[in-house]
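Along the sequence shown, the residues carry numbers beginning at 1.
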Amino acid sequence: MEKPRQVVRKFLARPQHEGVGAVVRRSIGRFELRYFDPFLVLDEFSVSAPAGFPDHPHRGFETVTYMLEGAVTHEDFEGHRGTIKAGDVQWMTAGRGIVHSEMPAGPGTSKGLQLWVNLSSANKMVEPGYQEILSKDIACTSAEGVTVRVIAGNAMGVRSPVRTRTPTLYLDFTVRPRAAAVRQPVDASWNAFAYVLEGEGVFGAERCAPVGAHHLLLLGQGDGLEVWNKSADKTLRFLLVAGEPIGEPVAQLGPFVMNTEEEIDMTVDDFERYANGFEKARHWKSQAMVALGVE
């Protein structure tokens, strides 16, 4: 790296309620940071039954669900159903339209992350689809006290099988105390951020103060990131995420993300009329909603 990226802004993601009884720590998509092209939302969520995220629609972007603890059962109006367990990833392309539910599976608290990745105007109305990777199949490697799980892109000589319509790098680093510094290249033209999950890390330059869990760090210009764990006994775990900016206008109404207000109005009309991708929503209800007796 010739020019390591420095931290230019820092946010503490505070808990807020979302869905039905769920708690999320939202860092991107909150009032201080509405959009970080191409990223729309980053939530660190915590949910216990009967709370969850019951039947709701999406259009115009992708959701990336990465489970940390417990499990979530996903089902949609196309008949797709499955359980995302700890360490698993679901990369869902909502495209022209999906109605789905995401509810905790089993007892206890389920924790994870959900990232919303915007789609270009050329891809917003593609057919929905899924890429689901079990924990055991995620590309992973270790060296000198640093372990990386490669959700998207490549790091330390390994590459993810995930195909990204919006070019994206998504890495989960674990750094042991006094391990070698992390030095990860990032395309100089991409926007990038780090999110701390556990422990404390020094990001960008060794002289900087360490940053703790639930902080989002926006990274400035450069061709990579350097990170140190200077703790004597605590492991550092953080995400490094980067993406190629789309550079198009964004019009958003909750779970609908298009380019213009007129397209948002059309999307609302499509959803209310069960048309143009939402046809199967007319007679569909998730098994979770049926079990709860919701009309």
Side-chain angles (χ1 to χ4, degrees), residues 1 4-5 7 13 25 27 39 42-46 64-72 84-91 110-115 117 131-164 167-187 190 192-206 208 210-217 219 222-243:
M1 288 182 292
R5 295 180 183 236
V7 176
R25 290 179 178 268
S27 47
F39 305 113
L42 178 65
D43 283 345
E44 180 184 359
F45 63 84
S46 178
V64 185
T65 304
Y66 183 29
M67 292 303 300
L68 302 176
E69 299 177 20
V72 163
I84 314 167
K85 299 178 181 179
D88 295 351
V89 172
Q90 181 198 72
W91 199 293
S110 295
K111 297 180 179 180
L113 298 146
Q114 190 168 91
L115 176 70
V117 184
Q131 298 176 78
E132 295 176 318
I133 304 95
L134 298 178
S135 181
K136 66 180 181 64
D137 297 325
I138 290 176
C140 182
T141 190
S142 300
E144 299 182 55
V146 177
T147 298
V148 63
R149 306 186 86 220
V150 184
I151 310 304
N154 62 86
M156 293 171 59
V158 297
R159 178 178 292 275
S160 167
V162 168
R163 304 175 307 280
T164 58
T168 304
L169 177 72
Y170 190 144
L171 308 175
D172 175 4
F173 281 100
T174 300
V175 187
R176 294 206 308 262
R178 298 195 179 95
V182 173
R183 291 184 172 86
Q184 173 61 40
V186 178
D187 191 299
W190 290 13
F193 68 85
Y195 187 79
V196 184
L197 293 172
E198 300 174 16
E200 290 185 335
V202 175
F203 293 80
E206 281 196 88
C208 294
V211 180
H214 314 301
H215 279 89
L216 179 93
L217 309 175
L219 304 175
D223 58 359
L225 176 66
E226 293 183 323
V227 183
W228 296 263
N229 180 5
K230 302 212 169 186
S231 169
D233 55 3
K234 293 182 180 178
T235 295
L236 165 66
R237 186 179 182 188
F238 71 94
L239 305 179
L240 173 60
V241 181

**Q** Would Leu42 and Phe193 count as a side chain to side chain contact (heavy atoms under 4.5 Å, CB included) if you check the C-alpha gap in whole Å, the side-chain angles of each, and the deciding distance to 0.1 Å?
**A** CA-CA 11 Å; Leu42 178 65; Phe193 68 85; 3.7 Å; yes
**Q** Measure the shortest side-chain to side-chain distance between Thr164 and Val117 over non-hydrogen atoms and say whether it is less than 4.5 angstrom.
**A** no
**Q** Answer whether the closest heavy-atom distance between the side chains of Val186 and Asp223 falls below 4.5 Å.
**A** no
**Q** Quick one, Arg183 and Met1 - any side-chain contact, counting heavy atoms below 4.5 Å?
**A** yes
**Q** Mind listing the closest non-hydrogen atom pair of Met67 and Lys85 along with its distance?
**A** CB-O, 3.2 Å
**Q** Of all heavy-atom pairs between Ala181 and Trp228, which one has the smallest distance, and what is that distance?
**A** CB-NE1, 3.3 Å
**Q** Determine whether Val182 and Leu225 make a side-chain contact, defined as any pair of heavy atoms from C-beta on separated by less than 4.5 Å.
**A** no
**Q** Given Thr141, which partner from the list Val150, Thr147, Val146, Val148 fulfils the side-chain contact (heavy atoms from CB on, under 4.5 Å) test?
**A** Val148
**Q** So, taking the atom named CZ in Arg25 and the one named CG in Asp43, what distance separates them when rounded to the nearest 0.5 Å?
**A** 12.0 Å
**Q** Report the distance from atom CD of Gln90 to atom CD of Gln131, rounding to the nearest 0.5 Å.
**A** 10.5 Å
**Q** Could you tell me the separation between the OH atom of Tyr195 and the CG atom of Leu240, rounded to the nearest 0.5 Å?
**A** 15.0 Å
**Q** Heavy-atom distance under 4.5 Å between the side chains of Phe45 and Val72, does that happen here?
**A** yes
**Q** Quick one: are Tyr170 and Val89 in side-chain contact, heavy atoms under 4.5 Å?
**A** no
**Q** Less than 4.5 Å apart, any side-chain heavy atom of Ser160 and any of Ile151?
**A** no
**Q** Side chains of Glu198 and Leu68: closer than 4.5 Å at any heavy-atom pair?
**A** no
**Q** Can a side-chain donor-acceptor contact be found between Tyr66 and Arg149 if the only test is distance below 3.5 angstrom?
**A** yes
**Q** To the nearest 0.5 angstrom, please state how far the CZ atom of Arg5 sits from the CG atom of Leu217.
**A** 13.0 Å
**Q** Starting at NE2 of His215, measure out to CG of Leu197 and round the result to the nearest 0.5 Å.
**A** 13.0 Å
**Q** Are more than 12 heavy atoms from other residues, nucleotides or ligands located less than 6.0 Å from atom NZ of Lys234?
**A** no
**Q** As an exercise, state the distance from CG of Asp88 to CD of Glu132, rounded to the nearest 0.5 Å.
**A** 9.0 Å
